[in-house]
Amino acid sequence: MAHADKSLSKTARIVILTGAGISKESGLETFRDPDGIWARVRVEDVATPEAFARDPARVHAFYNARRQGLLSETVRPNAAHLALARLEAEWPGEVLLVTQNIDDLHERAGARNLIHMHGEISKALCTLCQDISPWRHDMDGTSQCPACGHTGTLRVNVVWFGETPFEMDRIYQALAKCDLFVSIGTSGNVYPAAGFVEEVRMANQGHTAELNLEPSEGHSLFAERIYGPASEVVPAYVQRLLQDGG
């Protein structure tokens, strides 16, 4: 564990990146753990535009299963999600939450200033009219677009491998001017998110912190490193920020 004491003014701008590790304690599977989803399913079969063109039924089935898991009564925001929503609500300065997760647990916890850079599993994208609609049930080739009425044109609104994550311009602008960047529950090997800490280091003198169950691949790039379950270390970190700015 490494700490770097650096108090922040109450108007400091904060950017927080979250990954699958923050939702694991809510009962959702991670993708990149040794026993995660990608250890059992080939990315090339379910998470690329080519896979969808080749076998849309298989891709729909994969994401239907993920969506059903998210909607389980046992899956709910944990203390880490709630703490970040509290930080956004109580911090006088700007707090931007950027998540790689495609679940809606941050929203359920109360987060509002939020970017889903990899999309959302509970939304559908029409490949014909480009409408994005809430979608809480199974999707298949007979599903009808709520906007244009066509069938067979819907896909899950997530960013597949080979596609560009959402709102990258806004994210990079926020990183360039933030006073604190915190990475939570990430593996540190999925780009462009894995490069955010370097963006902060190159662009400004912002403080950087990693809160993770274990060191990420880029852990040495962070000035502050705290390891343990997200439901424990994130609330404690937020409490420290709100009490004394760091």
Side-chain angles (χ1 to χ4, degrees), residues 18-33 35-78 80-82 85 97-112 114-167 185-187 190 193 230:
T18 65
I22 198 172
S23 294
K24 186 174 183 178
E25 291 181 72
S26 290
L28 294 181
E29 289 186 284
T30 62
F31 284 87
R32 292 185 174 273
D33 280 351
D35 60 346
I37 293 170
W38 296 143
R40 307 189 307 270
V41 182
R42 294 176 71 246
V43 167
E44 297 84 354
D45 292 335
V46 295
T48 66
E50 293 78 13
F52 188 63
R54 183 172 60 247
D55 193 349
R58 181 173 186 175
V59 175
H60 281 312
F62 175 79
Y63 286 100
N64 288 342
R66 309 279 84 71
R67 191 182 302 107
Q68 289 166 5
L70 177 60
L71 296 175
S72 167
E73 292 183 359
T74 63
V75 174
R76 57 179 63 91
N78 62 54
H81 295 102
L82 296 170
L97 185 57
V98 180
T99 186
Q100 297 170 277
N101 298 336
I102 58 176
D103 62 60
D104 63 353
L105 295 179
H106 282 304
E107 288 92 335
R108 288 197 229 169
R112 294 294 176 265
L114 173 67
I115 294 175
H116 277 276
M117 63 178 293
H118 291 165
E120 300 171 75
I121 199 169
S122 55
K123 291 185 178 179
L125 167 67
C126 179
T127 57
L128 184 63
C129 73
Q130 302 301 306
D131 181 72
I132 298 174
S133 307
W135 200 273
R136 307 285 290 181
H137 47 280
D138 285 354
M139 187 186 304
D140 59 31
T142 67
S143 298
Q144 185 179 51
C145 173
C148 70
H150 284 83
T151 59
T153 60
L154 293 184
R155 55 164 278 188
V156 65
N157 188 45
V158 300
V159 176
W160 286 329
F161 289 87
E163 296 180 330
T164 302
F166 298 140
E167 299 197 58
T186 66
S187 62
V190 180

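Residue numbers run from 1 in the order of the sequence given. Every value quoted in this text rests on a predicted model; they were computed, and no experiment measured them.
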Find the distance between [atom1] ([X]) and [atom2] ([Y]) and round it off to the nearest 0.5 Å.
X      : Y      : atom1 : atom2 : answer
Glu163 : Thr48  : CD    : OG1   : 8.5 Å
Glu44  : Glu50  : CD    : CD    : 10.0 Å
Cys148 : Leu154 : SG    : CG    : 7.5 Å
Ser143 : Arg155 : OG    : CZ    : 14.5 Å

Aromatic Phe62 / basic Arg58 pairing, under 6.0 angstrom, 45° off normal: no

Heavy-atom side-chain proximity of [X] to [Y] below 4.5 angstrom:
X      : Y      : value
Gln100 : Thr18  : no
Val159 : Met117 : no
Phe166 : Asn157 : yes
Arg136 : Asp104 : yes
Met139 : Arg67  : yes
Thr142 : Thr151 : no
Arg108 : Asp103 : no

Would you check if the side chain of Thr127 reaches a backbone N or O of Thr153 as a donor-acceptor pair within less than 3.5 Å? yes

